[in-house]
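To start, the structure itself, in structure tokens.
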Amino acid sequence: MENNLPVQTNFIREIINEDIKNNKNDGRVQTRFPPEPNGYLHIGHAKSICLNFGIARDYRGLCNLRFDDTNPIKEDIEYVESIIEDVRWLGFDWDDRLYYASDYFEKMYELAIQLIKKGKAYVDSSTSEEIKNQKGTPTEAGVHSPYRERSIEENLKLFEGMKSGKYEDGTHTLRAKIDMSSPNMHLRDPVIYRIKRATHHRTEDKWCIYPMYDYAHPISDWIEGITHSICTLEFEIHRPLYDWFLIELCLPNRPQQIEFARLNLSYTVMSKRKLLELVEEKHVSGWDDPRMPTISGLRRRGYTPESIRNFADKIGVSKRDSMTDVALLEYSIREDLNKRVQRVMAVLNPLKITITNYPDDKTEELDAINNPEDPSAGKRVLFFSKEIFIECEDFLENPPKKYHRLFPGGEVRLKYAYIIKCNEVVKDDSGEITELRCTYDPETRSGTCSTRKVKGTIHWISADNSIEAEVRLYDRLFITEDPLADPEKDFKEFLNPESLKILNTCRLEKGLTGSKPGDKFQFERQGYFCVDPLSNDKRLVFNRTAALRDSWAKLEKSL
RNA sequence: UCUCGGGUCGUCUAAUGGCAGGACAGCGGCCUUUGGAGCCGUUAGUGGAGGUUCGAAUCCUCCCCUGAGAACCA
């Protein structure tokens with residue numbers, strides 16, 4: 001490898017190390033990420049992308065992006081565009097190696113003819129129902145199709161007819177002739193070509209027949225010179241078939257299929273079908289809803305590519321089914337954003353405070369540190385005046401023990417400003433607190449040699465020098481760790497009714513005016529937020545990426 | 001039921017016959033003008049029973065648990 005830094009390892013890299021040692025493939029390493037363009041990419045795909053592109057990078061090999069577009073009914077150009085965008089956003093590059101399985105249809109067709117000529121494939125005219133019945137069950141052998149012994153000439157003629165559109169969809173298939181009594185159902189004469197007189201998003205109406213995954217995949221891998229074909233566990237049982245085609249077709253330098261466990265994340269679902277259900281039934285606003293585990297959802301939520309790549313490194317790769325704690329994903333984004341984003345004052349639920357002993361028309365400029373983790377981020381100015389807002393939750397009329405914030409008669413520090421004391425609570429007719437009347441201690445201005453200390457420090461914002469914004473508080477989409485755990489229940493029963501709270505009267509530092517979609521900040525003491533794509537200069541909208549860890553919340557719970 | 005996989009702290013993952021380690025979560029402390037971050041400490045694991053061996057998470061046998069498999073889907 002290119003350096004002697006400890007490179008993270010996993011069972012796949014061990015296999016590759018061994019292959020390199022044995023000079024298999026002349027020491028060459030080539031992988032591929034092969035999505036079907038029938039849906040949006042999610043964090044589970046990100047695991048696979050990081051795995052495949054990461055291996056190529058570390059072994060000075062190549063990783064291709066290949067669309068597995070063998071089913072025109074389900075696939076669409078919309079998906080290929082979003083997939084390209086997402087993989088690129090994650091930070092990976094495939095140079096000019098953007099491929100499509102459909103690029104290889106001609107070669108696949110030729111090879112299918114070879115199989116027929118070898119007597120290893122035949123045209124079956126059974127209906128799909130009949131084929132199903134011939135298959136048998138895992139414990140009972142199947143039976144031969146009545147068409148299994150057609151002559152090579154007849155097969156060739158029929159297959160040609162299938163290709164040229166002579167037959168209706170479903171009337172014939174090409175099947176591999178393997179073993180109807182194999183304990184592996186996939187080896188019981190699998191269908192390798194079916195008639196679909198559909199328009200393909202790339203080849204349009206050129207083809208009336210389309211290859212099945214099991215046939216198309218090994219051949220695509222072989223054509224591209226893939227050395228290690230990495231896929232998820234559910235394809236493990238397909239591996240003998242993957243190898244069978246390559247062996248029967250005498251294709252040299254066979255790629256090796258290696259399977260790993262797909263990612264499952266707690267408090268979410270990952271299958272394309274279920275995500276589609278959430279979108280179609282409007283439980284979320286779309287594929288890029290910030291609560292979705294899709295790449296586009298995470299991006300809109302404020303996740304960075306780095307945080308996702310780091311997450312992928314942290315979870316590792318193995319063959320056991322697992323459920324990764326979403327807390328690890330959340331940790332990854334906090335870890336990244338903590339180091340890089342600017343802190344800013346933002347009051348989500350404003351409570352007005354009047355500083356009774358502060359001059360009416362005075363405004364002070366105070367220094368605020370942009371990022372304590374990064375001195376190079378510098379400072380900015382905060383304005384202080386007689387009327388300010390603090391967070392509702394930072395005042396309690398009857399505080400519990402260990403509450404460090406404001407309460408009647410209590411004191412708190414306003415970060416970067418002064419210590420204030422609450423003297424009076426103003427309420428409206430319904431008993432709602434509408435205002436706090438406080439006094440400030442002029443001797444305690446931040447940055448002076450004030451020696452007074454108070455337990456709590458809170459964020460605040462000057463009423464005059466602030467702007468209004470909408471803030472969307474996102475939480476986990478589901479209330480249970482595994483919404484699919486109970487097969488009797490629909491996973492949507494476990495949707496978290498509080499996964500989104502919209503706050504409309506938040507007040508932010510004026511400096512945030514003009515923030516652009518994707519801009520990221522830490523709202524002091526609250527969490528990480530980013531500007532939503534639908535935000536504009538008239539109406540700023542922020543999404544909460546992740547809340548800050550809150551040890552008070554934990555303490556409070558235990559009280 | 002059959003075939004093929006897989007079982008290591010709560011979770012994810014190392015250890016490839018030689019001290020069961022790391023990360024997240026948890027707990028405790030230090031520090032702190034973010035109840036954040038950071039730092040320190042700490043709890044906690046080899047599914048079970050036999051066997052081989054000086055020595056087993058690792059090799060063998062049996063059992064248990066668990067995932068996948070009977071689409072003209074990928």
Side-chain angles (χ1 to χ4, degrees), chain A residues 8-11 14 34-36 38-39 68-71 73-75 124 126-128 131-133 135-140 142 169-175 182-186 188 190-196 209-210 212-214 216-217 231-240 259 261 263 266 272 313-332 334-335 338-339 343 369 371-373 402-405 413-417 419 444 446-447 450 453-459 481 522-527 547-556:
Chain A
Q8 56 132 16
T9 191
N10 57 51
F11 79 98
E14 304 264 330
E36 183 188 14
N38 69 342
D68 214 345
D69 55 351
T70 57
N71 188 352
I73 310 283
K74 290 187 174 178
E75 296 153 5
D124 195 341
S126 307
T127 64
S128 70
I131 290 179
K132 190 185 163 170
N133 292 334
K135 288 246 166 157
T137 69
T139 49
E140 294 165 275
D169 287 15
T171 51
H172 305 275
T173 56
L174 186 70
R175 286 229 255 170
S182 169
N184 183 340
M185 300 289 291
H186 296 280
R188 320 245 264 226
V191 170
I192 61 178
Y193 266 97
R194 73 285 214 200
I195 302 172
K196 273 184 196 287
I209 52 172
Y210 292 91
M212 300 288 287
Y213 167 88
D214 283 316
H217 211 84
C231 63
T232 45
L233 245 31
E234 67 268 27
F235 293 103
E236 196 159 30
I237 201 148
H238 297 238
R239 194 187 333 130
E259 312 84 12
L263 172 67
S266 59
K272 279 185 199 170
D313 286 344
K314 278 196 264 265
I315 58 176
V317 180
S318 75
K319 292 195 70 153
R320 49 181 106 128
D321 295 299
S322 61
M323 172 77 76
T324 297
D325 193 338
V326 74
L328 189 56
L329 214 213
E330 293 165 349
Y331 172 82
S332 300
R334 287 195 194 104
E335 180 189 40
N338 175 49
K339 286 181 292 197
R343 274 60 170 170
I369 294 165
N371 184 352
E373 305 294 318
K402 293 186 182 170
Y403 185 79
H404 294 169
R405 285 113 85 178
R413 173 172 284 283
L414 298 176
K415 185 158 180 151
Y416 299 127
I419 292 176
T444 57
S446 290
S450 163
K453 287 216 186 282
V454 286
K455 280 265 181 58
T457 300
I458 62 173
H459 61 281
E481 201 168 301
Q522 184 197 97
F523 290 179
E524 291 265 3
R525 302 207 307 129
Q526 300 276 6
L548 248 31
R549 280 183 64 207
D550 188 351
S551 48
W552 166 248
K554 260 182 279 180
L555 219 191
E556 197 181 22

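Proteins get letters first, then strands, A, B, ... in listed order; numbering begins at 1 in each.
Separation of the C1' atoms belonging to B/G28 and B/U33 is 25 Å when rounded to the nearest angstrom. Nucleotides B/U8 and B/U58 have their P atoms positioned 13 Å apart, rounded to a whole Å. Nucleotides B/G36 and B/C30, compared at atom P, are 13 Å apart to the nearest Å. When the C1' atom is used for both B/G21 and B/U3, the distance is 36 Å, rounded to whole Å. When the P atom is compared between B/G51 and B/C19, the two are found 24 Å apart, to the nearest whole Å. Comparing B/C27 with B/G18, their C1' atoms sit 33 Å apart, to the nearest whole Å. B/G45 sits 13 Å from B/C12 when the C1' atoms are compared, rounded to a whole Å. One C1' atom belongs to B/C24, the other to B/A74, and the distance between them is 33 Å to the nearest Å.
When heavy atoms are screened at a 4.0 angstrom cut-off, A/Q522 is found touching base atoms of the nucleic acid. Within the nucleic acid shown, A/I73 has no heavy atom closer than 4.0 Å to any nucleic acid atom. A/S322 comes within contact range of the sugar-phosphate backbone alone, with a heavy-atom separation under 4.0 Å but no base atom that close. Contact annotation for A/P372: base contact, defined as any heavy-atom pair under 4.0 Å involving a base atom. Residue contacts shown for A/Y416 include a base, since a base heavy atom lies under 4.0 Å away. At a threshold of 4.0 angstrom between heavy atoms, the contacts of A/Y210 with the nucleic acid are absent. As judged by a 4.0 angstrom heavy-atom cut-off over every strand, A/T137 is placed among the base-contacting residues. Contacts of A/H459 with the nucleic acid, taken as non-hydrogen atoms under 4.0 Å apart, are absent. Contact annotation for A/N184: no contact, since no heavy-atom pair falls under 4.0 Å across all strands. In this structure, A/Y403 reaches the bases: a heavy-atom distance under 4.0 Å links it to at least one base atom across the strands shown. Counting non-hydrogen atoms under 4.0 angstrom, A/T232 reaches nothing in the nucleic acid. In this structure, A/K402 reaches the bases: a heavy-atom distance under 4.0 Å links it to at least one base atom across the strands shown. In this structure, A/R320 reaches the bases: a heavy-atom distance under 4.0 Å links it to at least one base atom across the strands shown. Across all strands, A/K135 comes closer than 4.0 Å only to sugar-phosphate atoms, never to a base (heavy-atom distances).
Residues passing the side-chain hydrogen bond (donor to acceptor under 3.5 Å, both in side chains) test with A/K319, sequence neighbours excluded: A/E236. Applying the ring-ring contact (aromatic ring centres under 6.0 Å, His included) test to A/F523 and every residue at least two apart in sequence or in another chain returns A/F529, A/F542. Applying the ring-ring contact (aromatic ring centres under 6.0 Å, His included) rule to A/H186 yields the partners A/H238; only residues at least two apart in sequence or on another chain are considered. Every side-chain hydrogen bond (donor to acceptor under 3.5 Å, both in side chains) that A/R405 has, sequence neighbours left out, goes to A/D394.
Side-chain contact, A/N371 with A/E373: no donor N or O sits under 3.5 Å from an acceptor N or O. Side-chain atoms of A/R525 and A/T457 include no donor-acceptor pair closer than 3.5 Å.
Evaluated for a side chain to side chain contact (heavy atoms under 4.5 Å, CB included) with A/H459, the options A/R343, A/Q526, A/K415 yield exactly one hit, A/Q526.
With salt bridges taken as basic N to acidic carboxylate O contacts below 4.0 Å, one links A/K314 and A/E335. Ion pairing between A/D124 and A/R175 holds under the 4.0 Å rule for side-chain N and carboxylate O. One finds a salt bridge joining A/R239 and A/E259 here, because a Lys/Arg side-chain nitrogen approaches an Asp/Glu carboxylate oxygen to under 4.0 Å.
Nearest-nucleotide assignment on RNA chain B puts the 5′-proximal partner with A/P183, out of A/D68 and A/P183. With RNA chain B read from its 5' end, the first of the two nearest nucleotides for A/D214 and A/L414 is the one closest to A/L414.
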_Taking Watson-Crick (N1-N3 plus N6-O4 or O6-N4) and G-U wobble (N1-O2, O6-N3), each under 3.5 Å, can you produce the dot-bracket string of RNA chain B? Use [ ] for crossing pairs and | for inter-strand ones._
.((((((..((((....[..)))).(((((.......)))))....(((((..]....))))))))))).....

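From the 5' end on, the contacts that RNA chain B makes with chain A at under 4.0 Å to a non-hydrogen atom open and close at B/U1 to B/A74.
Annotation for A/G136 and A/R188: closest pair C-NH2, 3.7 Å, computed over non-hydrogen atoms.
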